[in-house]
Amino acid sequence: MLTRLIQILTDQWIRLNLRERALSAAVLVLLIAMMTLMAYRGAMARLDLMDRTIDRLQQDIVNYHYQMARRQSVEAQYNRVAAQHSSRWSEAEIHDRLRAEIYRLAQKIPPPLGDDGIPVRTTGEEGRLVDIPALQQGMLLEGGEGYREYRISLRLPQTELMPLVAFLQRLQESPQALRIDSLEISRDPMGRATAARIDITRTVADAATETPAPGMDAAGASGWERLGLAGWQAEGAILRRVRDVAAPDGAPRLAVRSDSERGAAYHIASIRPGASYDMYLDVQVTGEVQAAVADETGGMLLADPVLLEAGGGLSRYHIQFSAPAWPAREVRMRAPTLLLQGPEATATIHRMVLRKAE
């Protein structure tokens with residue numbers, strides 16, 4: 001069959017004159033070129049899709065790494081909240097504690113809370129902010145996995161508007177996780193006093209069942225290594241290792257303050273020649289501070305300096321760079337280096353991750 005087909009094509013080709021043969025050859029070349037172009041475009045689209053998938057998976061890995069690093073602080077904060085919101089309490093205990101908290105917030109100067117979250121007293125010496133009649137029994141609801149909800153309705157018969165607003169703000173800021181579900185305010189057309197009906201829900205969380213593993217305390221001696229804060233040096237700047245007392249785990253931080261017109265702080269790392277790297281920084285900045293990557297002497301920059309956003313807020317930065325292909329062995333580089341302009345510039349580094357791109 002194949003031989004017969006070849007013979008027919010050969011006979012047809014012999015019958016063609018020179019001009020027809022040239023046109024046939026041109027059409028064949030165009031068909032081959034079109035098929036090659038389509039195959040090339042399909043292959044490039046496939047490669048682009050694979051590159052995007054790799055980038056997404058790498059970013060997921062970095063995000064999971066940060067989430068695991070923050071797990072201990074989240075668990076510590078959850079334990080602190082759960083200590084005041086234990087689901088082991090009975091419905092009567094939840095009602096009594098919520099009732100005490102509402103009466104405490106209704107004072108002009110709310111009395112302090114004890115270590116167990118129970119008010120030291122429910123009446124203050126300065127009098128009441130709003131008058132609350134007797135509270136009715138609420139309703140305990142099944143909220144979801146790990147928590148329950150207790151809902152209660154509150155009526156304020158006669159109160160001024162501004163004290164009512166202040167009382168609502170206190171309810172929202174209460175450490176007992178109170179939520180205002182509904183609010184109805186009414187006023188007599190000829191009067192100044194208002195009446196209010198408030199539906200309040202308290203979230204009652206389970207106590208945490210897991211405890212951090214030994215040796216994994218973020219404030220421990222090895223915390224600097226895990227947070228990427230070891231191996232830093234400074235020129236024209238002052239380095240201080242501090243702990244964030246406001247954080248639940250007292251997490252370590254690295255504070256940098258310039259004491260000259262041009263200060264610098266840098267982290268010495270071994271870089272593989274010709275490799276590409278991803279660097280992530282969690283940092284708070286005041287003044288003019290730039291982040292860059294340089295050689296060990298600080299003279300050659302591998303990437304354009306990135307101006308860090310000032311204002312004192314915590315921000316995350318992603319810097320990509322490629323190391324030079326020479327020499328043929330690992331070299332020590334400043335990755336990253338922080339350039340501080342002026343004596344007022346400061347930077348507080350919460351975390352630094354440097355990893356080789358695949």
Side-chain angles (χ1 to χ4, degrees), residues 62-63 65-77 79-80 211-271 277-298 305-319 321 332-355:
V62 174
N63 292 336
H65 178 77
Y66 274 99
Q67 291 174 13
M68 290 299 296
R70 294 183 61 86
R71 176 185 174 186
Q72 291 174 266
S73 62
V74 172
E75 287 181 349
Q77 182 66 24
N79 282 330
R80 179 177 297 181
T211 57
M216 290 300 291
D217 182 8
S222 61
W224 302 105
E225 290 291 346
R226 289 197 306 277
L227 296 174
L229 302 183
W232 281 78
Q233 302 178 27
E235 295 177 359
I238 299 174
L239 280 176
R240 288 190 306 114
R241 290 188 171 97
V242 297
R243 301 195 185 278
D244 187 357
V245 296
D249 56 356
R253 308 284 185 249
L254 190 67
V256 184
R257 180 175 61 83
S258 175
D259 62 353
S260 62
E261 290 300 323
R262 291 180 60 86
Y266 51 88
H267 174 263
I268 297 297
S270 296
I271 302 298
Y277 285 84
D278 289 299
M279 181 169 60
Y280 297 86
L281 278 175
D282 287 356
V283 60
Q284 293 174 278
V285 170
T286 59
E288 183 178 348
V289 180
Q290 294 178 321
V293 179
D295 61 9
E296 190 174 13
T297 65
V306 177
L307 180 63
L308 306 186
E309 182 177 354
L314 180 62
S315 301
R316 174 172 298 175
Y317 298 91
H318 177 200
I319 300 175
F321 66 94
R332 291 165 58 83
M333 308 203 72
R334 298 183 180 186
T337 178
L338 299 181
L339 307 175
L340 298 91
Q341 306 295 328
E344 301 299 325
T346 64
T348 301
I349 305 168
H350 291 239
R351 187 170 181 83
M352 190 273 290
V353 174
L354 177 65
R355 63 179 179 83

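All heavy atoms count here, side chains included; hydrogens, waters and symmetry mates do not.
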Taking all non-hydrogen atoms of both residues, which atom of [X] and which atom of [Y] are closest, and how far apart?
X    : Y    : value
S270 : Y277 : O-OH, 4.4 Å
A237 : A264 : CB-O, 3.9 Å
P336 : W232 : CG-CH2, 3.7 Å

pair R355-V62: side-chain heavy atoms closer than 4.5 Å: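 Yes, close enough: below the 4.5 Å cut-off.
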Salt bridge (Lys or Arg N to Asp or Glu O under 4.0 Å) partners for E296, two or more places apart: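 Here the qualifying residues are R332.
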Mutual orientation of the aromatic rings belonging to H318 and Y280 [parallel < 30°, tilted 30-60°, perpendicular > 60°]: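 Parallel, since the angle between the ring planes stays under 30°.
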Gap between atom CD1 of I268 and atom CZ of R334 - 0.5 Å precision: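 Going from the CZ atom of R334 to the CD1 atom of I268 covers 6.0 Å.
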Atom pair CZ/CZ of R253 and R351 - distance to nearest 0.5 Å: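 With rounding to 0.5 Å, CZ (R253) is 10.0 Å from CZ (R351).
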Under 3.5 Å donor-acceptor, H350 side chain and V283 backbone: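 Here the side-chain-to-backbone pair does not exist.
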Side-chain (S260) to main-chain (G236) donor-acceptor, under 3.5 angstrom: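 Yes, because the side chain of S260 sits within donor-acceptor range (under 3.5 Å) of the backbone of G236.
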Extract all donor-acceptor atom pairs below 3.5 Å that involve side chains of residues 307-317 and protein atoms in other chains or at least two apart in sequence.
residue	atom	partner	partner atom	Å
R316	NE	D282	OD1	2.9
R316	NH2	D282	OD2	3.3
Y317	OH	E309	N	2.6

Residue list, side chain to side chain donor-acceptor pair (under 3.5 Å) with Q233, at least two apart or on another chain: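 Partners of Q233 under the side chain to side chain donor-acceptor pair (under 3.5 Å) test: Y266.
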Side chain to side chain donor-acceptor pair (under 3.5 Å) partners of Q290, counting only residues at least two apart: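 For Q290 there are no side chain to side chain donor-acceptor pair (under 3.5 Å) partners, ignoring immediate neighbours.
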For I238, side-chain contact (heavy atoms from CB on, under 4.5 Å) partners two or more places apart: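 If we apply the side-chain contact (heavy atoms from CB on, under 4.5 Å) test to I238, skipping adjacent residues, the hits are R240, R257, D259.
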Expected list for residues 338-348: side-chain donor-acceptor pairs under 3.5 angstrom, two or more places apart:
residue	atom	partner	partner atom	Å
Q341	OE1	R262	NH1	3.1
T346	OG1	T286	OG1	2.2

